[in-house]
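In what follows, a structure is listed as C-alpha cells, so that the remarks can point back to it.
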Amino acid sequence: MLKIITFPIWGIFWLLFYLPGKLIIEFQYLFPERGKVVGSGRRKDSVVAAIIKSIGFWVSVIALILFFVTMVINQHEKDAREHKLAVSGEMQ
C-alpha cells in the first residue's frame, strides 16, 4: 500500500477502494488464463494496475446500484399509475 496516507480514516477509505483491485489481480495471478502467465505475474505487485481494476470494480458496482434503483423507481411509478386507474375507473 502507498505510504503517503497518514491519517487512519484515510487508510480505511484507501483500503476499501484499493482492496477489490488487489484481490482481482491476486485471483488472476493464482488462476491465469491460458497464455497469460507472464502478464499476470507482471501485474501482481503493480499498484497502478490495482488502482485501475479498483476503479473498474467501483464503476460497475455504482452502475449496478443505479440500475436496481431505476428498476424500483419505475416499478413504483407503474404501481402508482395502475392504482390511480383502478381508483378512478378510467381507461386510457
Side-chain angles (χ1 to χ4, degrees):
M1 225 161 71
L2 293 177
K3 305 294 183 201
I4 298 171
I5 301 169
T6 56
F7 300 115
I9 191 75
W10 292 115
I12 292 170
F13 287 132
W14 173 253
L15 182 66
L16 288 175
F17 171 75
Y18 181 74
L19 189 61
K22 188 64 176 169
L23 290 176
I24 291 170
I25 288 177
E26 287 292 327
F27 184 79
Q28 288 175 344
Y29 176 72
L30 292 174
F31 306 104
E33 294 179 20
R34 172 172 263 177
K36 297 192 175 184
V37 176
V38 175
S40 68
R42 210 179 303 130
R43 284 186 296 271
K44 182 181 180 296
D45 294 324
S46 173
V47 176
V48 175
I51 290 172
I52 290 171
K53 297 223 184 241
S54 292
I55 289 171
F57 172 80
W58 288 113
V59 165
S60 30
V61 165
I62 290 169
L64 192 64
I65 289 171
L66 288 175
F67 174 73
F68 284 122
V69 167
T70 305
M71 284 179 45
V72 168
I73 290 172
N74 286 340
Q75 185 63 38
H76 178 68
E77 289 175 357
K78 180 182 173 189
D79 291 343
R81 269 182 283 159
E82 289 176 357
H83 178 71
K84 183 178 176 183
L85 287 174
V87 169
S88 68
E90 295 177 15
M91 297 293 286
Q92 283 188 351

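Just so it is clear, the model here is predicted, and its values are computed rather than measured.
No chain of hydrophobic side-chain contacts below 4.5 Å, direct or via other Ile, Leu, Val, Met, Phe, Trp or Tyr residues, connects I52 to Y18. Cluster membership check: F67 does not share its hydrophobic cluster with W58, using side-chain heavy-atom separations under 4.5 Å among Ile, Leu, Val, Met, Phe, Trp and Tyr. Y29 and F27 fall within the same hydrophobic cluster, where Ile, Leu, Val, Met, Phe, Trp and Tyr residues are linked whenever their side-chain heavy atoms come under 4.5 Å apart, directly or through other members. The cluster map of Ile, Leu, Val, Met, Phe, Trp and Tyr, joined by side-chain heavy atoms under 4.5 Å apart, puts I25 and W14 in different clusters.
In this structure, the separation between CD1 on I73 and NE2 on H76 is 9.0 Å, given to the nearest 0.5 Å. With rounding to the nearest 0.5 Å, the separation of NZ in K53 from CD1 in I51 is 13.5 Å. Note: I65 CD1 to T70 OG1 = 11.5 Å, rounded to the nearest 0.5 Å. The distance from the CD atom of Q75 to the CG atom of D79 is 4.5 Å, given to the nearest 0.5 Å.
Nearest heavy-atom pair across K22 and S54 is N-OG, 4.5 Å. Across all non-hydrogen atoms, the minimal contact from S60 to G56 is OG-O, 2.7 Å. Contact record, I55 with F17: CG1-CZ, 3.6 Å, taken as the closest heavy-atom pair.
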Problem - Criterion side-chain contact (heavy atoms from CB on, under 4.5 Å) on N74 and K78, from CA distance to verdict - result: CA-CA 6 Å; N74 286 340; K78 180 182 173 189; over 6 Å; no

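Within the 4.5 Å cutoff, the side chain of L64 has heavy atoms near those of the F68 side chain.
The environment of CZ in F57 is crowded: more than 12 heavy-atom neighbours from other residues, nucleotides or ligands sit within 6.0 Å.
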